[in-house]
Number of protein chains: 4
Amino acid sequence: MGGTMDGTKQQRRGNTRQRIQDVALELFAEQGYEKTSLREIAERLEVTKAALYYHFKTKEEIIVSLFDDLTKPIEELIEWGRSQPHTLETKQDIVRRYSDALAGAEPLFRFMQENQATVRELRIGDTFKDRMRGLRDILIDPEAELVDQVRSVSAMFTLHAGMFVLQDIEGDAEKKREAVLEVALDLVTQAHEHTRQRARFRE
Amino acid sequence: MGGTMDGTKQQRRGNTRQRIQDVALELFAEQGYEKTSLREIAERLEVTKAALYYHFKTKEEIIVSLFDDLTKPIEELIEWGRSQPHTLETKQDIVRRYSDALAGAEPLFRFMQENQATVRELRIGDTFKDRMRGLRDILIDPEAELVDQVRSVSAMFTLHAGMFVLQDIEGDAEKKREAVLEVALDLVTQAHEHTRQRARFRE
Amino acid sequence: MGGTMDGTKQQRRGNTRQRIQDVALELFAEQGYEKTSLREIAERLEVTKAALYYHFKTKEEIIVSLFDDLTKPIEELIEWGRSQPHTLETKQDIVRRYSDALAGAEPLFRFMQENQATVRELRIGDTFKDRMRGLRDILIDPEAELVDQVRSVSAMFTLHAGMFVLQDIEGDAEKKREAVLEVALDLVTQAHEHTRQRARFRE
Amino acid sequence: MGGTMDGTKQQRRGNTRQRIQDVALELFAEQGYEKTSLREIAERLEVTKAALYYHFKTKEEIIVSLFDDLTKPIEELIEWGRSQPHTLETKQDIVRRYSDALAGAEPLFRFMQENQATVRELRIGDTFKDRMRGLRDILIDPEAELVDQVRSVSAMFTLHAGMFVLQDIEGDAEKKREAVLEVALDLVTQAHEHTRQRARFRE
DNA sequence: TATGAATGAGGATTCATTCAT
DNA sequence: CATGAATGAATCCTCATTCAT
C-alpha cells in the first residue's frame, strides 16, 4: 500500500484524530449520524472505542469538530461578503465561492442535508442556521419582493440540492456542477435586476 | 377536544390506528425517526407499547403506512402527468398540483426532507425516489440542455425547500407559497422555452 | 379438498378444538414448545388467538390435553402390565405393545424426547416420569443385578430413540421398527434370563 | 472458594468469561436454553447484562462456546477412531472413551439431550449431528444387518441415556456408569460378532 | 363460538460513556 | 496513547393472557 516502507501501524502514529474524523465523516454521510455507532467507527479503524474517547469527549464532539474544520471557508466567505457592497457582482461572487466551498466539503454537506432532523438537535444546528441566514442576508435585498427573495433562497438551495439530487442524471460531474452554478447565478441575477428595476420605477 | 360530550376513553374506540399515525407523524416530523421511540408515541396516547404492535407490525410499518396514505395524491398526479402531452401547460399544471399536494401533507414531507438518510434505509426510500424520477421525467425534455434540466429539477426542489426553509422569512404563509410557486413555474417555463428555441433554431 | 362438497369453512364447524390440537402438536414437534407461539397456531388455523382461549384456558393446557389423549394407551398398558405375573412373556408383551403405542403417537413422543427440559417444568412432566417408572418396575426385577437393570432401561430407551435417531439410516421404515423392536426384546430377554440363572445358581 | 484470602471482587478479575460460561451452562442444563434469560445469568454473577455482551456477541454464542470447548475431546476421539481399523477392539475402545468423554462434560450433554428441539435450531445442531454420524460410521459395519446396526446405535444411546435416566435408580453413581458401559460394550460386541459370523457363513 | 383491542411482563440486543491500568 | 472491562439506560419487539362485545 503505497511505495514507501512505512508499515500501516507506524503510519498511524499521531494522526489518529484525523483518521477518526475521516472514518466518522464517511460513515455519518453514508448511514446517518444515529445509525453510525462508535463501535463501528472504532472497528473500522481497528482501535477500541475507548481510544475514540481519548481524542473526543463525546460522539457529538466528533461531528462538531468536523463541522468546525470543514466549514471554516464558508464562515470566512460570509465574513468577506458582509464587508462588500450589495452589488450584483458581490452576489455572483458569493454564489460562485459558495459552490466551491460546498464542493470542497461534499461529504459533510451531504451529511447535513440528509440529517437535518439530527443536526437540528446537535450543537451545530444553530451555528449552521446562522450561517445560512448570513448568506441569505447578503444575497437578499431587504426591500426585494417576496418572489425575488425566494429566487435568492432558491439559488442557495439549488446549489445544495445540485450536489446530490443530480447524481442520477446522466452526464459528466464537472459539467453538471457548472450547469447548477449557472442556474444559481441566473436566479440571483434575476432577483437582483428585477428588484433594481422596481426601485428605479418607483423613483 | 370537539364539542361533544363523549369522555376521552369512549372517543378512543376504533380510531386508535389513526391516532397512532397522527401522533407518530407529529413526533417523527419534530424529532426525526430514530429519535422518536415507540415508548414516546405510546405514552403520548396513553396506551402501552404493545398496543402499537397490535396495529402495526413494526416501527417501520408506521411510517410506511403514513407514506402510503399521504402520498397517494402524488402518485395519482404522476399517473395523470404521464398520459399528458409534454406541453408547457402540462408542466405548469404539474408544478401547481405538486405544490398543492405538498401542502396537503406538509409534516410528512418535512419529515422526509429532514430524514433523508433514514428514509433511504427504509422501504419507502426507493418508492419515493421512483416518484421523484417520475416527476422529473415529466418535467424534463430528454433533449434539453443540461442547464435546463437543472432548472426543472431546481423547480421541484424549490417547492420542497420552500415549505421549510422559508419558515424564518417574515411574511404571510399563503403569500410565501404563492411566491415559491411562481419561482418554480418560472424555472420550468424558462427551461421549456429555452429548449423550444434551441429546437427551432436547429431546423 | 377431498371428494365431498363441504366447503372448508363448513367443515370447520364444531371440530375447532381438534384442529387446534392437531396444528399445535405439529408445530410443537417441529419447533419445540417455547418457540411455538399461540399467534403462530392461530394464524395457521386462520382464527384469532382469542379463539384458542375459548377452547383452552392456557397454552399449557393444549399440550396437557394432547398428552392426556394420546397417552392413554400407554396408561392402560401399564395398568395391564401391573396385573400380570413378572414372566418373560409379560415383559416381551409389554415391549411389543409399548412399541406400538409409541408408533401410534409418534409426534407427541418426538416432542417429549426433544423438549425434555420444557416437559419437566410442565404439569405433564411428573405424570410422564411416573409412567416411565411404572414401565420400568414391570420390566425390571428388583433383585436383578445393576447391569440387567440397565439392560431393561436401555430397551425402553432404544424404542424411544429408535423412532427418531434412525431417521437418517437408510432402509424401509417398517423394517427399521422391527429391527428396533428385536433389539429391545433381546435386551429384555437377556436381562431376564441372566437374572433367572443367577437366582437358580444361588439356591 | 479456595483457601486464599482474596475478596470476591478481586477474584473476579480476568475470569469473567469463564464464570459466565459456568453459570450459563448450569442454568441451561437446569432450566433449558430458552427459559434461561440473560438477565438471570447476569444477576447470578452480579454483573449487568451488558457485561455479558462484552464477552459474547449473542446468547447463542455462549452456548456455542461451551459446546466448542467441552466437545473437543469427542472430536479428537472421532478423528482417532477414523484412522483405526474397524476391529472389535477399536469399537470397544471408542465406546469406553466416549463414555469417559460424556462423563467429563455431563452438564453439557444433559443440556443437549434435554433441549434437542432447541439445539436443532442453533448453530451447534448440525455440528453435533455430524459428530454423531461420525461415531456411528466407526461403530457400524456398512454390511451389517439392520438389527446389528440398531444394536450399535443403541449402544451410543444407552451411554447418553445412562447419564440421566439412571439418576432415579438407586445405587452408587460409579457403579451405575460401569453397568451402563458394560451394556453398551455388550451391544457393540454382539453386533460385531454377529456380523462376523454372517460373513464367514457366506463364504 | 368467536373476535378486536389491549395489557404487562419480559425478551435479546445496542449504545454512549467511564475508568482503572 | 490506548485498552479491557464494565455500566445504565434505552431500544424494538414478542408473548401469553384478558375481556367486553
Side-chain angles (χ1 to χ4, degrees), chain A residues 12-17 20 33-42 45-62, chain B residues 9 12-17 20 34-42 45-62, chain C residues 12-17 20 33-42 45-62, chain D residues 9 12-17 20 34-42 45-62:
Chain A
R12 211 163 272 177
R13 274 283 140 71
N15 61 343
T16 305
R17 195 189 140 93
I20 293 174
Y33 179 76
E34 345 258 355
K35 302 251 280 194
T36 302
S37 69
L38 295 186
R39 177 178 54 66
E40 212 174 345
I41 298 177
L45 289 166
E46 299 182 271
V47 219
T48 49
K49 266 181 294 170
L52 305 186
Y53 277 90
Y54 177 79
H55 294 281
F56 299 93
K57 270 210 286 289
T58 66
K59 186 185 181 186
E60 185 168 353
E61 207 181 75
I62 300 180
Chain B
K9 284 264 157 87
R12 205 163 277 176
R13 274 285 135 64
N15 62 342
T16 306
R17 197 190 140 93
I20 294 173
E34 346 255 356
K35 301 254 279 195
T36 302
S37 70
L38 295 187
R39 179 180 54 66
E40 211 174 348
I41 298 176
L45 290 166
E46 299 184 275
V47 225
T48 49
K49 266 180 290 165
L52 305 187
Y53 278 94
Y54 176 75
H55 294 282
F56 298 94
K57 271 207 282 288
T58 65
K59 186 184 180 185
E60 184 169 352
E61 213 189 88
I62 300 181
Chain C
R12 212 164 268 178
R13 274 282 142 68
N15 60 344
T16 305
R17 198 189 138 94
I20 294 173
Y33 179 76
E34 345 255 356
K35 302 250 281 193
T36 302
S37 69
L38 295 188
R39 178 177 55 66
E40 213 175 344
I41 298 176
L45 290 166
E46 298 182 275
V47 223
T48 49
K49 268 182 289 170
L52 306 186
Y53 277 89
Y54 177 79
H55 294 282
F56 299 93
K57 271 211 284 287
T58 66
K59 185 184 182 186
E60 185 168 354
E61 207 181 76
I62 300 180
Chain D
K9 284 265 158 87
R12 208 164 275 177
R13 274 285 136 64
N15 62 342
T16 306
R17 196 190 140 95
I20 294 173
E34 345 256 357
K35 302 253 280 195
T36 303
S37 69
L38 295 188
R39 180 182 51 69
E40 212 174 347
I41 298 176
L45 290 166
E46 299 184 275
V47 227
T48 49
K49 267 179 291 166
L52 305 187
Y53 277 92
Y54 176 77
H55 293 282
F56 299 93
K57 268 206 284 289
T58 64
K59 186 184 180 186
E60 184 168 353
E61 212 189 89
I62 300 181

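In what follows, every chain begins at residue 1, and chains take the letters A, B, ... in the order their sequences are listed. Predicted model only: the values in this text are computed from it and were never measured. The figures that follow rest on heavy atoms only: side chains count, while hydrogens, waters and symmetry mates do not.
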>> I need the D:Ile20 CD1 to D:Ile41 CD1 distance, nearest 0.5 Å.
In response: 8.0 Å

> B:Ile20 CD1 to F:dC13 P: how many Å, rounded?
Replying inline: 14 Å

> Rounded to the Å, how far apart are B:Glu34 CD and E:dA16 C1'?
Replying inline: 16 Å

> Is there a side-chain polar atom (N or O) of B:His55 under 4.0 Å from OP1 or OP2 of E:dG4?
Replying inline: no

> From the list E:dT7, F:dA16, E:dA12, which nucleotide is the closest neighbour of the side chain of D:Tyr53?
Replying inline: E:dA12

>> Rounded to whole Å, how long is the line connecting atom NZ of D:Lys59 with atom P of E:dT14?
In response: 15 Å

>> I need the minimum non-hydrogen distance between B:Ala42 and B:Thr48, along with the two atoms involved.
In response: CB-C, 3.8 Å

>> With a 3.5 Å cut-off and heavy atoms only, can you find an N or O donor on one side and an acceptor on the other between the side chain of A:Lys49 and the base of E:dT17?
In response: yes

> Given that C:Thr58 and D:Leu52 both sit by DNA chain F, which one's nearest nucleotide is further toward the 5' end?
Replying inline: D:Leu52

>> For the C1' atoms, the ones on E:dT1 and on F:dT21, what distance do you get once it is rounded to whole angstrom?
In response: 13 Å

> Could you state the CG-P distance from D:Leu45 to F:dA5, rounded to the nearest angstrom?
Replying inline: 15 Å

> Can you check the A:Glu60 CD to E:dC15 C1' distance for me, whole Å?
Replying inline: 15 Å

> Tell me: CD of D:Glu40 to C1' of E:dG10, nearest whole Å?
Replying inline: 12 Å

>> By nearest heavy atom, map D:Leu38 and B:Tyr54 onto DNA chain E; which one lands nearer the 5' end?
In response: B:Tyr54

> Within this structure, what is the CZ-to-C1' distance between C:Phe56 and E:dT1, rounded to whole angstrom?
Replying inline: 14 Å

> For C:Tyr33 and D:Ala50, take the nucleotide of DNA chain F holding the closest heavy atom to each; which residue's nucleotide lies nearer the 5' end?
Replying inline: D:Ala50

> In whole Å, what is the span from the CD atom of C:Glu46 to the P atom of E:dT3?
Replying inline: 11 Å

>> Any strand counts, and the cut-off is 3.5 Å on both contacts for Watson-Crick or G-U wobble. Which nucleotide pairs with E:dT3?
In response: F:dA20

> Where the side chain of B:Ser37 is concerned, which of F:dG4, F:dT11, E:dT17 is the nearest nucleotide?
Replying inline: F:dT11

> Given F:dC13, F:dA2, F:dA6, which nucleotide is nearest the side-chain atoms of D:Thr16?
Replying inline: F:dA6

> Yes or no on side chain to side chain contact (heavy atoms under 4.5 Å, CB included) for C:Tyr33 and C:Glu60, after CA distance, side-chain angles and deciding distance?
Replying inline: CA-CA 9 Å; C:Tyr33 179 76; C:Glu60 185 168 354; 3.8 Å; yes

> How long is the gap from OG1 on D:Thr16 to CG on D:Leu45, to the nearest 0.5 Å?
Replying inline: 8.0 Å

> Between D:Arg39 and C:Thr48, which has a closest nucleotide on DNA chain E that is more 5'?
Replying inline: C:Thr48

> Atom NZ of B:Lys59 and atom NZ of B:Lys49: how far apart are they, to the nearest 0.5 Å?
Replying inline: 12.0 Å

